Every structure is written in structure tokens, then in C-alpha cells.
Amino acid sequence: MNFKYSFLAILIVICSFLSCTKAQVEPEIDPNRKGEITLNFDNIAGTKDLKLGENYTNAAGEQFNLDMFQYYISNIKLKTEDCREYVVPQDESYFLVKEEDTKSQLITLKNVPEGNYNSVTFTIGVDSLRNTMDVSKRTGVLDIGNAGMAKGMYWSWNSGYIFVKAEGISSQAPAGPDGQRKFRYHIGGFGGYSSKTINNIKTKTLDLGRDRAKVRQGKNPEVHIIVDVLKMFSGATNISFATHPTVMFSPFSVNIAANYVNMFEYHHVHNEQ
Amino acid sequence: MKNKLLLIAFLVFAFISCQNQNIEPEVQFYVPKNFPQPVYDLSKNPVTTAVFALGKALFYDGILSRDGTISCGSCHQQQSGFTQHGHDLSHGIDDLLTLRNSLPIQNLAWQKEFFWDGGVFDLDLFAVSPIEAHNEMDETLPNVLNKLRNHAKYPSMFEKAFGTKEISTERFLKALSQFQLMCISANSNYDKYVRNEGVMLSTEELTGLQLFKQKCATCHSGELFSDFSYRNNGLPVGNPEDTGRERITLNEQDKYKFRVPSLRNVEATRPYMHDGRFRSLEAVLDHYEKGIVQSPTLDSQLKNGIALSTDEKQKIIAFLKTLTDEEFMNNRLLSEF
């Protein structure tokens with residue numbers, strides 16, 4: 001055995017030691033066979049299921065309801081217990097999850113190599129590269145001319161996608177010209193094109209702990225992720241609808257982004273038998 | 001008798017315009033000899049006659065606005081170097097005012113960012129902004145596309161341009177870009193002079209050019225007469241809400257900085273500055289001489305203003321007028337009718 005090989009062997013051993021609790025890989029797995037996996041983004045508000053129009057209370061003690069809550073999930077990566085990484089092809093890795101559209105909350109990834117997956121990584125928002133790409137690369141949920149897609153999730157005066165959007169009413173928010181007490185959070189900012197500016201792109205890795213999402217040909221596991229909107233308004237900075245009713249492209253927005261990265265939590269996996 | 005004459009005139013006219021149509025050359029993008037290479041990536045949107053024609057139809061069609069009254073051409077008029085003549089702030093739908101003075105549609109293939117504050121960095125993405133601004137066209141892009149899909153002539157125009165009737169965001173935006181890319185202004189007397197095309201400038205204009213190079217060309221540089229940077233040229237703050245480049249970078253040091261504008265066709269693009277505050281070139285030069293307001297972001301070159309005698313101002317203005325490109329502003333290829 002030459003040095004290079006022994007080095008490799010040691011690496012493999014260490015790797016399987018560190019992250020592969022179940023070192024013994026089930027023989028039925030063949031990474032050349034493909035299956036599917038579904039990520040279910042389940043929006044909640046604290047202990048309750050999130051419903052548009054229903055009342056909740058934020059950490060600042062203000063009552064509110066939402067009439068819109070949506071966010072981009074992109075650049076999804078999965079990792080198996082034996083350290084294989086599956087990166088969803090870039091062009092197919094953009095999703096818009098909307099509270100008003102249950103179908104959008106289920107992200108099904110196709111052509112996933114068989115394996116026991118124990119970690120999911122994704123970007124909340126849209127990466128900076130895609131933010132600067134040619135229009136031909138802005139299809140599907142990134143199509144700014146498609147109602148219900150990127151429409152409303154894009155700043156045309158300051159080219160860039162809005163990553164997370166939450167709008168609603170709080171009796172504590174100041175009344176607008178129409179008498180409505182609205183709050184509007186449109187959070188984006190990919191770092192700037194020719195000059196540096198705020199970057200609210202966040203990446204999140206969810207560890208499945210002892211659980212495994214078992215992807216097999218013909219078997220589609222579902223990873224249940226809960227998304228607690230209350231955490232968008234609490235954390236390092238508690239957000240008050242009274243003092244910050246509107247946050248869009250501004251320095252303060254980084255506080256909200258720092259909060260919302262923590263609203264995603266792994267809950268459970270459902271494996272098909 | 002009168003009617004007969006009219007008829008004859010009409011026939012002659014029809015004949016001429018038919019002929020014109022027959023000899024209409026292929027539309028082709030080109031780089032004027034005295035220009036640098038364009039920054040727009042033409043390989044992603046190669047200019048063709050049919051796509052250009054579609055883009056032109058769209059540019060001049062009110063269908064892009066909510067009530068059909070406002071087209072891109074309403075605020076970007078060819079005779080005024082594709083700006084809105086005589087307005088400090090542009091008038092959009094319902095006669096609402098825009099935040100800023102309109103910018104010319106000219107030589108955009110050489111520009112890397114758009115708007116006075118550079119907020120848009122891709123010409124293809126630009127049109128969404130005026131279409132959706134409530135004080136400009138107050139429409140939505142998805143709606144515009146739907147209107148076009150149900151229109152009598154557009155589906156076949158898209159087919160001619162792109163091979164199928166499909167009307168997608170990309171096709172729509174790239175067609176509009178093609179029209180704007182072809183708005184190339186490079187045939188002023190100045191251009192013909194620097195390209196040695198048999199045009200001579202007067203002594204006054206030539207002295208003006210020399211003075212301009214000494215006093216203005218650090219910012220209004222090169223053949224496009226702009227380095228496309230963002231600077232504060234010492235205007236007293238007009239609308240405190242409009243902080244210029246700072247809106248895009250959120251950087252305090254960019255407060256009240258605006259893009260150095262090109263000065264091509266400046267004679268025709270009155271009024272001047274991002275808010276159209278100056279109605280004449282004389283007023284602009286007076287500003288540089290004695291109107292500079294000190295502020296934290298004032299460009300360091302302008303701390304003491306620019307020394308200019310009355311005579312020098314006249315000569316600079318004489319030179320600036322050599323940048324007027326009559327061929328461009330009368331080019332039938334680009335005109336609405």
C-alpha cells in the first residue's frame with residue numbers, strides 16, 4: 001500500500017467514524033438507482049398551525065395577523081449517513097413556498113440517488129449569482145413576468161429578488177393613509193452588483209439526528225420541516241410592529257434575516273415502507 | 001381640384017414610402033469607430049430585423065400601461081434625444097410625476113448600470129420598472145404579457161421574431177432591449193470631426209473642446225462623455241428623500257451621489273440634472289463656477305468650483321452643441337411613425 005492510498009483509507013475511516021453512526025450500510029442501496037424525496041415546509045406560529053388572517057402575538061406582545069407569508073428556498077443539498085452529498089442541479093433548485101398555496105409547501109426532488117439521508121442544506125432566498133443572471137435563466141418561480149411566481153418577489157428599481165415576504169395587520173402598527181394598520185417586511189439583498197451592500201442570503205443546514213430519510217427507487221420519503229413565523233419577529237432582535245412597521249431594503253433588514261434563519265427546524269421524517 | 005391634388009400627393013407619398021420599405025436595410029448592431037467595445041453581451045440577444053421591429057412596436061405601444069395611454073415613447077421622445085422634453089420630472093399615467101428627470105435612451109449598450117442611481121444592472125431587466133411603477137405605467141408585467149397574447153398582431157410578430165408565437169418574459173424583454181440597443185448616437189459633428197469624416201469644428205468649438213478636456217473630462221470622460229461613476233457635483237439638496245446612489249448601496253458615503261450623465265445630445269435633453277432643476281446649459285455652467293454647495297460627499301475636485309470666465313463658458317457650450325446628433329434624432333428606423 002503506498003502512502004497515498006493509506007492516507008485515503010484513513011480519511012475514509014475517520015469520515016465514517018465521525019458522521020456515520022450506523023457504519024453498516026444496508027446492502028439494498030445502489031446510488032445508481034434514483035428515487036425521490038419530498039421536503040414539506042409546514043408554517044406554524046409558535047404552538048399553532050399558521051393560518052392567514054388568524055391572530056397571534058409576537059415576542060414584543062403585539063397582536064397581529066398575516067395576509068401574506070412566502071419565501072424562496074434554493075440550492076438544496078442532501079447528505080447521506082455515509083458522507084455522500086447530492087446537490088440538486090442548479091437550474092432546478094429554486095422554489096417559492098407560499099402560505100396561501102399548499103402545493104408550494106411540498107418540494108419534491110426527483111432523480112435523487114438511493115441512500116439514507118441525514119442532513120438537508122438549503123439557501124433561504126436566491127444566491128447572488130442567479131440574481132445577476134440573464135433573463136433566460138430566470139424561469140419558473142424566478143420568472144418576473146409570471147403572476148404568482150416571482151411577481152411581487154422582485155425589486156425592479158434595485159434589481160434583485162425578495163427572499164422572504166411577510167405582510168399583515170397589527171393593531172399596534174401605525175395607521176397608513178388608508179387607515180389600515182399594515183406591516184410589511186420584504187427582506188432581500190444579495191450583496192450588491194458593483195458596490196457592496198447588505199447581504200441577507202442565509203444558508204441553513206438541518207440535521208436529522210438519528211433519523212434517516214430513506215430514498216429508494218419507487219419510495220419517496222417526506223422530510224417534515226416546521227417554519228415558525230414567530231421566530232422571524234424574535235431572537236437577537238425582537239421586532240416590533242409599532243416601531244418597525246415597514247422593513248424593506250434597509251440596514252435594519254439584516255436583523256430580521258438574522259432572526260428568520262432560525263425559524264426552520266427539522267421535525268420528523270416519514271419513510272414509505 | 002383641391003381633392004385631386006391631395007389624391008396625387010397621397011399617391012406620391014404612398015409610392016415613396018413603399019419604395020422606402022423595399023430598400024429598408026437589415027437591422028444590424030454596430031460599434032462606431034470612435035467607441036469602445038459595448039458592455040452589453042450581444043451574443044445573448046443578437047440583434048435581428050424582426051426582433052428589433054417587435055421591440056420598436058412595443059416601445060411605442062401604450063398597451064404596456066394600465067389604461068393604454070402611456071408608452072415608453074411618451075417619456076422618451078426621439079426629437080429630444082429620447083427624453084421627455086420640457087419636463088423637469090416626467091409625467092406618467094394619470095399625469096403623476098416621476099421622482100426624477102428622464103434619462104435619454106442612447107448608447108445603452110455601453111452602459112453597465114441604469115437609472116440615475118444605477119439600481120438596475122441589466123438592460124433586459126429594466127422595462128419592468130417603468131411598467132410596474134404606479135406613477136409611470138401602473139401595469140404588471142404578467143398582465144402586459146397576457147394582453148399581448150390576446151392581441152391581434154403581437155403573436156405573429158413574436159413568431160416572426162423568434163420562430164413561435166410564444167410570448168415569454170425573456171422574449172418580451174429582449175425585444176425591448178433590441179430597440180434600445182439600436183439607439184446608437186454617434187453621428188454628431190464632433191464624431192465626424194474625430195473620425196476625420198470631412199467635418200471641421202469652428203475655432204470657438206475647438207477651444208471649447210480643449211477647455212472641456214481640462215475642466216470637465218475627469219468625470220465626463222471618453223467618447224461617451226461619462227465615466228459612469230456616481231458623484232455629488234455640488235447641487236444643493238432638492239428632494240431630501242432622493243439620496244441617489246445611497247438608496248442602492250445603503251452606504252452613507254454615497255448620499256446624494258448620482259451617475260455622471262453622458263453629454264451626448266445635451267442640447268436637446270433639457271432640462272438638466274437628476275431632478276431637471278436647470279433649464280439651460282448656461283445655468284449648468286454657472287453652477288459649476290459659483291453654485292457648488294459644500295457637503296460631506298461633495299466630489300473633491302469640485303471643492304473650489306470650476307474657474308470659468310464668461311467667454312470660456314460660451315466656448316464650452318459651443319462645443320457641447322457639437323454633440324448634437326441630428327441624424328440620430330431624425331433616424332426613421334427609430335421613429336414612432
Side-chain angles (χ1 to χ4, degrees), chain A residues 91 94 96 126 128-162 176-178 184 186-200 246-257, chain B residues 39-41 43-45 98-100 112-133 135-137 139-146 148-149 167-177 228-230 245-254 257 259:
Chain A
D91 283 349
Y94 294 87
L96 180 57
V126 176
S128 60
L129 201 63
R130 188 66 53 160
N131 261 294
T132 58
M133 273 190 193
D134 187 74
V135 259
S136 59
K137 295 286 187 187
R138 298 161 183 258
T139 51
V141 296
L142 298 175
D143 184 348
I144 50 181
N146 193 337
M149 298 290 187
K151 169 84 191 92
M153 293 299 276
Y154 181 77
W155 284 312
S156 62
W157 58 277
N158 178 19
S159 310
Y161 289 94
I162 295 168
D178 56 357
R184 296 181 178 84
H186 301 180
I187 313 300
F190 66 88
Y193 181 68
S194 63
S195 314
K196 214 170 145 263
T197 181
I198 54 168
N199 185 337
N200 280 326
T246 303
V247 181
M248 296 187 183
F249 188 69
S250 71
F252 188 78
S253 70
V254 302
N255 299 315
I256 297 184
Chain B
V39 287
Y40 186 91
D41 183 356
S43 70
K44 285 190 195 146
N45 189 17
T98 56
L99 176 67
R100 304 197 185 117
K112 70 175 197 303
E113 288 167 332
F114 306 89
F115 274 141
W116 281 100
D117 56 22
V120 176
F121 48 73
D122 184 344
L123 181 61
D124 296 340
L125 297 171
F126 190 90
V128 201
S129 176
I131 289 173
E132 303 205 338
N135 55 352
E136 295 188 45
M137 303 173 107
E139 245 302 2
T140 70
L141 184 53
N143 241 0
V144 170
L145 298 182
N146 277 336
L148 296 175
R149 287 175 190 128
I167 297 183
S168 66
T169 307
E170 181 189 0
R171 287 177 171 188
F172 169 79
L173 292 176
K174 287 193 168 169
L176 262 179
S177 287
F228 299 112
S229 63
Y230 303 88
R245 184 66 179 159
E246 193 251 4
R247 281 166 32 108
I248 305 304
T249 63
L250 303 177
N251 181 346
E252 192 74 17
Q253 314 216 316
D254 287 333
K257 289 185 181 175
R259 191 181 75 214

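Reminder, nothing fancy here: chain letters follow the sequence lines and each chain counts from 1. Only heavy atoms go into these numbers, but all of them, side chains included; no hydrogens, no water, no symmetry mates. All of these numbers come straight from a predicted model, not from anything done at the bench.
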| remark: Taken in chain and number order and not counting sequence neighbours, the residues that satisfy side chain to side chain contact (heavy atoms under 4.5 Å, CB included) with Ser253(A) are Ile187(A), Ile198(A), Asn200(A), Val247(A), Ser250(A)
| field | Heavy-atom check, side chain of Ile248(B) versus side chain of Thr197(A), under 4.5 Å | value | no
| task | Can you measure from CG (Asp134(A)) to CD (Glu170(B)) and round to the nearest 0.5 angstrom? | result | 6.0 Å
| said: Is the ring pair Tyr193(A)/Phe121(B) parallel, tilted or perpendicular, if the boundaries are 30 and 60 degrees? | reply: parallel
| field | Option in Leu125(B), Val128(B), Asp254(B), Leu145(B) with maximal non-hydrogen atom pairs under 4.5 Å from chain A | value | Leu125(B)
| Largest heavy-atom contact set with chain A, pairs under 4.5 Å, which of Pro130(B), Ala133(B), Gly119(B) | Gly119(B)
| query | Looking at residues at least two apart in the chain, or sitting in another chain, which of them share a side chain to side chain contact (heavy atoms under 4.5 Å, CB included) with Asp91(A)? | reply | Arg130(A), Lys137(A)
| request: Indicate yes or no: at least one non-hydrogen side-chain atom of Asn158(A) is less than 4.5 angstrom from one of Arg247(B). | output: no
| task | Measure distances from Phe115(B) to the heavy atoms of chain A and classify the residue's part below 4.5 Å as side chain, backbone, both or neither. | result | side chain
| note | Rounded to the nearest 0.5 Å, the NZ atom of Lys112(B) sits from the OG atom of Ser194(A) at a distance of 5.0 Å
| message | If I take atom NZ from residue Lys257(B) and atom OG from residue Ser195(A), how far apart are they, to the nearest 0.5 angstrom? | response | 9.5 Å
| query | Can you tell me how far CH2 of Trp155(A) sits from OG of Ser129(B), rounded to the nearest 0.5 angstrom? | reply | 14.0 Å
| query | So which part of Leu173(B) gets closer than 4.5 Å to some heavy atom of chain A, the side chain, the backbone, both or neither? | reply | side chain
| task | State, yes or no, whether a side-chain contact exists between Asn146(A) and Thr169(B) at a heavy-atom distance under 4.5 Å. | result | no
| request: Would you name the heavy atoms of Val135(A) and Lys174(B) that are closest together and state the gap between them? | output: CG2-CE, 3.5 Å
